[in-house]
Amino acid sequence: MKERIQATIWGGFAAALLGLLIVLGSRRLDHFDAALVGYTFATLFAMFGIAYRYAMWLQRPPTWRYWIRGWQLFLQPRYLGRNLVQLARRIGVMFALNAFIWRRDFLRGAAHWCLMWGCVIAAAITFPLVFGWIHFETVEGDLHSYRAFVFGFPTLAFPIHSWIAFIVFHGLVWASILVIAGVMLAMKRRMSDYGAAALQQFGEDYLPLIALFAISATGLMLTASYTWMRGYAYDFLAILHAITVILTLLWLPFGKFFHIFQRPAVRLAHARGGPGRGRASSRLPL
Ligand code: HEM
């Protein structure tokens, strides 16, 4: 019971902090689009759920001991320099390149890399836009240029018809292409690798892929609608995209996607050379 209360407090704190950052970052909601309120509440709920589950996980005696000992070892002055180098190497090799998974199997590595980078790019674009942390305005006296504002502060300006504008404004298209490629590769492996096929569970292995495919496909349909079809069914598609994103965000703390937040902690614990360094430590109880 005590654990649940503490986890609820952590969850509430994380959600309240994000809420505060949304209000501050959008300059008291000046740059917040009220039409996106559904996305915002789903994100706040996901934040609560993730922090709650993370706090519950950390409170398990083995996880807690591992966590504390790991940080103590990491911060030991004698090894701090070496540990920081090791941490930077792990962030590059393990996070950016996903080396740990390519080693297991090429198809698995390719699928994970595409899915991870597609989702990272999409999250880096959509959350700041939805929260009103980033917005674009035409430059005064030059109607052919846009300026990006971050947290209300003016930053770079660029011509509307430039390759930078094309790449920036199609960021979600590139993310969708990566995600769909990753989903296809993961589906192929799940269907053709007998070892993997025998262990598949619908909720753990197929549903996350179906959710990511639905988000990316509905997103791409939005782009197709306003680019080639003069906005045909745009409102309907916008609602469809919102439904797929919001349901996935609500599910984020409960299902497979929680590993996004849990696994890096385990991987970083490896980097700290903590107790149990090695394979067994990545199988911490949930
Ligand atoms: C895998 C993750 C995601 C992918 C691949 C994706 C993809 C896309 C694409 C391709 C578009 C059309 C963009 C355009 O051409 O203007 C779009 C629109 C949009 N996305 Fe997503 N998206 C993802 C996740 C999210 C998330 C997490 C949110 C919100 C928290 C979000 C909110 C939006 C919004 C608000 C729009 C504009 C829709 C409108 O005009 O009403 N997306 N997305």
Quiz prompt | Validation row: V168, F136 side chains within 4.5 angstrom (heavy atoms) | solution = yes

Quiz prompt | M56 to E3 - nearest heavy-atom pair and separation | solution = SD-O, 3.7 Å

Quiz item: For F258, is the NZ or CZ atom of R53 found under 6.0 angstrom from the centre of its six-membered ring and inside 45 degrees of the ring axis?
Solution: yes

Quiz item: Counting distance only, does the side-chain N/O of H259 pair as donor-acceptor with the main-chain N or O of K256 below 3.5 Å?
Solution: yes

Practice problem: Looking only at non-hydrogen atoms, find the nearest pair between G11 and A51 and report the distance. | Solution: CA-CB, 3.7 Å

Quiz prompt | Distance in Å, R69 CZ paired with Q72 CD, rounded so as to fall on 0.5 Å steps | solution = 5.0 Å

Practice problem: Please examine the side chains of L209 and L115, heavy atoms only from C-beta on, and report whether any two atoms are closer than 4.5 Å. | Solution: yes

Exercise. Measure the spacing between CG of N98 and CH2 of W117 and express it to the nearest 0.5 Å.
Key: 9.0 Å

Quiz item: Taking the six-membered ring for Trp, are F74 and W71 parallel (under 30°), tilted (30 to 60°) or perpendicular (over 60°)?
Solution: perpendicular

Exercise. Dump the intermediate steps for side chain to side chain contact (heavy atoms under 4.5 Å, CB included) on R27 and F153, then the final yes or no.
Key: CA-CA 10 Å; R27 298 285 175 112; F153 296 106; 3.2 Å; yes

Exercise. Would you please indicate yes or no on a ring centroid separation below 6.0 angstrom for Y39 and F127?
Key: no

Self-check item: From CA spacing to verdict: side chain to side chain contact (heavy atoms under 4.5 Å, CB included), H135, V150
Solution: CA-CA 7 Å; H135 73 277; V150 179; over 6 Å; no

Quiz item: What about Y226 and Y232, are their ring centers closer than 6.0 Å?
Solution: no

Self-check item: M184 to F213 - nearest heavy-atom pair and separation
Solution: CE-CE1, 3.7 Å

Self-check item: Main-chain N/O of I101 paired to R108 side chain as donor or acceptor, under 3.5 Å
Solution: no

Self-check item: Note, F257 side chain near L212 side chain (heavy atom, < 4.5 Å)
Solution: yes

Practice problem: Please report the shortest heavy-atom distance between S225 and L237, naming the atom on each side. | Solution: CB-CD1, 3.9 Å

Practice problem: Using the six-membered ring wherever Trp is involved, compare the ring planes of F158 and F169 and label them parallel, tilted or perpendicular (cut-offs 30° and 60°). | Solution: tilted

Quiz prompt | Under 3.5 Å: donor-acceptor pair, side chain of T138, backbone of Y146 | solution = no

Quiz item: If you round to the nearest 0.5 Å, how far is OG1 of T126 from CD1 of I134?
Solution: 10.5 Å

Quiz item: Does the side chain of T43 reach to within under 4.5 Å of the side chain of F131, using non-hydrogen atoms?
Solution: yes

Practice problem: For residues I125 and P128, report the shortest heavy-atom separation together with the two atoms involved. | Solution: O-CD, 3.5 Å

Exercise. Pick out which of T244, V173, V179 makes a side chain to side chain contact (heavy atoms under 4.5 Å, CB included) with S216.
Key: V179

Self-check item: Working for side chain to side chain contact (heavy atoms under 4.5 Å, CB included), residues F48 and T8
Solution: CA-CA 8 Å; F48 172 86; T8 307; 4.1 Å; yes

Quiz item: Hey, what do you get for NZ (K2) to CD (Q59), rounding to the nearest 0.5 Å?
Solution: 7.0 Å

Quiz item: How about W57 and Y54: are their ring centroids closer than 6.0 Å?
Solution: yes

Quiz item: Between the main-chain N or O of A224 and the side-chain N or O of T227, is there a donor-acceptor pair closer than 3.5 Å?
Solution: no

Quiz item: Heavy-atom distance under 4.5 Å between the side chains of L207 and Q201, does that happen here?
Solution: no

Quiz prompt | Closest approach of A196 to R189 (non-hydrogen atoms, all atoms of both residues) | solution = CB-NH1, 3.6 Å

Quiz item: Going from OG1 on T40 to CG on L44, what distance comes out if it is rounded to the nearest 0.5 angstrom?
Solution: 7.0 Å

Practice problem: Go through the steps to decide whether E137 and F149 satisfy the test side chain to side chain contact (heavy atoms under 4.5 Å, CB included), and finish with yes or no. | Solution: CA-CA 8 Å; E137 283 178 18; F149 286 76; 3.7 Å; yes

Quiz item: Do the non-hydrogen side-chain atoms of Y79 and Q86 ever get within less than 4.5 Å of each other?
Solution: no

Quiz item: Would you call I246 and F41 a side-chain contact if the rule is heavy atoms closer than 4.5 Å?
Solution: no

Quiz prompt | Straight-line distance of Q6 CD to L58 CG, nearest 0.5 Å | solution = 11.0 Å

Quiz item: Would W10 and Y52 count as a close aromatic pair, with their ring centres under 6.0 Å?
Solution: no

Quiz item: If you group Ile, Leu, Val, Met, Phe, Trp and Tyr by side-chain heavy-atom gaps below 4.5 Å, do L172 and I180 land in one group?
Solution: yes

Exercise. Using a 4.5 Å cut-off on heavy atoms from C-beta on, say whether the side chain of L97 contacts that of W102.
Key: no

